[in-house]
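Read through the structure below, which is laid out as structure tokens, and then see the notes.
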Amino acid sequence: MAAPFHRCWAEIDLAALRQNLVWIRQRVGPGVNIMTVVKADAYGHGLKQIAGWLMHCGTDLFGVANLAEAQAIRSVGSGWPALMLGASLPEEREGMVRDRIMATVSTQDEARHFSEIAGRVGKTALLHVKIDTGMGRLGADPAQTGQLLRIIRELPHLHLMGLYTHYACAEDDEGFSEQQRRCFVGALKSLPAELAKDAMIHANNSAGILFEPETTFDAVRPGLLVYGIVPPGKRSRGFEVPGQLRPALSLKCRVSLVKDVPCGAALSYGRSFVAPQAMRVATITAGYGDGYLRNGSNRAEVLIGGQRCRVVGRITMDQTLVDVTPLGTISSGDEVVMIGRQDNDEITAAELATWCDSIPWEVLTSISYRVPRVYRGSHAA
Ligand SMILES: *Cc1c(COP(=O)(O)O)cnc(C)c1O
């Protein structure tokens, strides 16, 4: 059991994380590199612990969002390759070159700056060139990628490590994903072979791994799937989630107070909920300050005593009210599950996201700094 003094905490099942990675490994095959995406504190699971654990579990590389994340990984395992998935800021580049953190490059200007910095510090800058096939966020125009690679070849102190693209809606839109796939494959084919010959080619995020197996190439970049969640969307609706994939994170808090309220009583800020009859209501020890999104007010459900209880009134910063009228016994101190399993029921991050008009990525990364992460399962794995 988790330490009893936590008011709101996240339990992270390391055995589940390992199993999820094993499942991804089986799906993509043995020769393919797995670049586990651990940006945003490993999707809220805790970057250092998760990176350290995944180093044991068979990840090959890490995908990060910034220099601090890459350096956190380096502090756990010094030699691990890490790719910064976003465009780098000019100020970040020297640190990246010094620490051999791979950079994502879309333009000649970025390549030139990396070359200049690497020359100055006496190192080689490691680059992945991104090709924009329809995401529109980063990447070179496919028609100009050859020219960019030529410049990178000519400039000193640069090493082209990879070439990649990113799906915009692989969990939703088969037609557009096919267009992106064709665009990427076409761009790769049009490149002079000698310019890209050692580059690691990669495209698939979690949804790509599930629905675009033809673009597995040399590496895949799973985020959500490693944490045991299938990206929700039109294409995943018919997807039968294999038993080995399990959510690694549970979010829990406790009942602090139970009280009976009369018919007509208004509850919480804004008086958005008025009791339609006499009810029993519990105050629980989590709110939006913990990352329990306020959009779930009057909609989200939690598990108490193995039963679903609906949030009533607005979620506040540190406390939330839930309707516990149907419950038999309940007392202060009882465990409340906001994400995860209790007895025979489970609330998934995707389900909570639906109540909050959000997505599981946001639900996970919203879990705030004050919520302790409790790790389990490293021995069982
Ligand atoms: C975040 C990210 C991923 C991982 O996405 P998931 O949908 O969580 O698998 C992969 N590639 C890039 C470029 C990303 O930014």
Side-chain angles (χ1 to χ4, degrees), residues 17 20-21 23-25 27-28 32-45 47 50-51 54 59-67 69-70 73 81-88 101-106 127-140 161-173 176-177 180-181 184 200-213 215-236 239 241 245 247-249 348-350 353 358-367:
L17 215 61
N20 298 336
L21 198 65
W23 185 83
I24 293 167
R25 163 65 64 211
R27 184 159 183 101
V28 300
V32 174
N33 287 291
I34 298 179
M35 180 189 297
T36 309
V37 179
V38 290
K39 59 201 186 195
D41 204 29
Y43 287 42
H45 293 58
L47 176 55
I50 298 305
L54 291 171
T59 194
D60 299 293
L61 309 93
F62 290 101
V64 298
N66 59 42
L67 192 53
E69 290 175 350
I73 291 171
L83 170 63
M84 199 195 285
L85 298 165
S88 54
I101 291 152
M102 298 182 285
T104 294
V105 164
S106 311
L127 309 182
H128 284 238
V129 164
K130 191 157 193 185
I131 304 178
D132 186 7
T133 59
M135 173 70 185
R137 185 170 60 173
L138 299 173
M161 306 287 291
L163 266 173
Y164 78 107
T165 194
H166 192 46
Y167 282 110
C169 42
E171 63 276 29
D172 260 320
D173 192 332
F176 190 72
S177 301
Q180 285 196 272
R181 183 174 76 225
F184 190 52
M200 174 189 286
I201 312 291
H202 49 110
N204 282 356
N205 57 0
S206 295
I209 290 167
L210 295 176
F211 306 116
E212 298 294 336
T215 48
T216 300
F217 300 113
D218 304 320
V220 292
R221 304 189 305 271
L224 203 62
L225 211 49
V226 174
Y227 307 101
I229 301 168
V230 170
K234 279 200 200 81
R235 298 177 86 186
S236 36
F239 178 76
V241 182
L245 277 183
L249 181 142
T348 63
S358 182
I359 52 175
W361 295 266
E362 188 184 35
V363 161
L364 292 176
T365 57
S366 296
I367 298 171

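Each ligand, and each atom within it, is numbered from 1 in the order the structure gives. Everything numeric in this text was worked out from a predicted model, so none of it was measured.
By the criterion of a heavy-atom distance under 4.0 Å, neither the backbone nor the side chain of E171 is placed next to ligand 1. Residue contacts with ligand 1 for L224 involve both N, CA, C or O and side-chain atoms from C-beta outward (heavy atoms, distance under 4.0 Å).
Across Y164, W361, Y43, heavy-atom proximity to atom 4 (C) of ligand 1 is greatest for Y43.
Counting only distance, with no hydrogens or angles, the side chain of E69 and the backbone of V38 share no donor-acceptor pair below 3.5 Å. A distance-only check finds a donor-acceptor pair linking the side chain of T59 to the backbone of I34 [under 3.5 Å]. Under the 3.5 Å distance criterion, the side-chain polar atoms of N20 are left unmatched by any main-chain donor or acceptor of W23.
Listed by chain and residue number, F211 satisfy the ring-ring contact (aromatic ring centres under 6.0 Å, His included) test with F239 (two or more places apart in sequence, or in another chain).
Atoms CD1 and CG, from I131 and L138 in turn, are 13.0 Å apart once rounded to the nearest 0.5 Å. Rounding to the nearest 0.5 Å gives a distance of 11.0 Å between CZ of F62 and CE of M35. Between the CD atom in E171 and the CZ atom in R235 there is a gap of 9.0 Å [rounded to 0.5 Å].
Within ligand 1, the atoms closer than 4.0 Å to a non-hydrogen atom of R137 are 15 (O), numbered from 1 in the order shown. Taking a cut-off of under 4.0 Å to the non-hydrogen atoms of L85, the atoms of ligand 1 that pass are 12 (C), 13 (C), 14 (C), 15 (O).
The side-chain hydrogen bond (donor to acceptor under 3.5 Å, both in side chains) pairs that include a residue from residues 218-231 are H166-R221, H202-R221, where partners are two or more places apart or lie in different chains.
Distances shorter than 4.0 angstrom occur between a heavy atom of V37 and an atom of ligand 1. For H202, the heavy-atom gap to ligand 1 stays at 4.0 angstrom or more.
Some N or O of G223 is nearer than 3.5 Å to an N or O of ligand 1, by distance alone. Considering both main-chain and side-chain atoms, S206 comes within under 3.5 Å of ligand 1 through a nitrogen or oxygen pair.
Looking only at protein heavy atoms, the nearest one to atom 10 (C) of ligand 1 is R221 O, 3.4 Å. Closest to atom 12 (C) of ligand 1, if we only count protein heavy atoms, is H166 CE1, 3.3 Å. Annotation: atom 2 (C) of ligand 1 to nearest protein heavy atom, K39 NZ, 2.4 Å.
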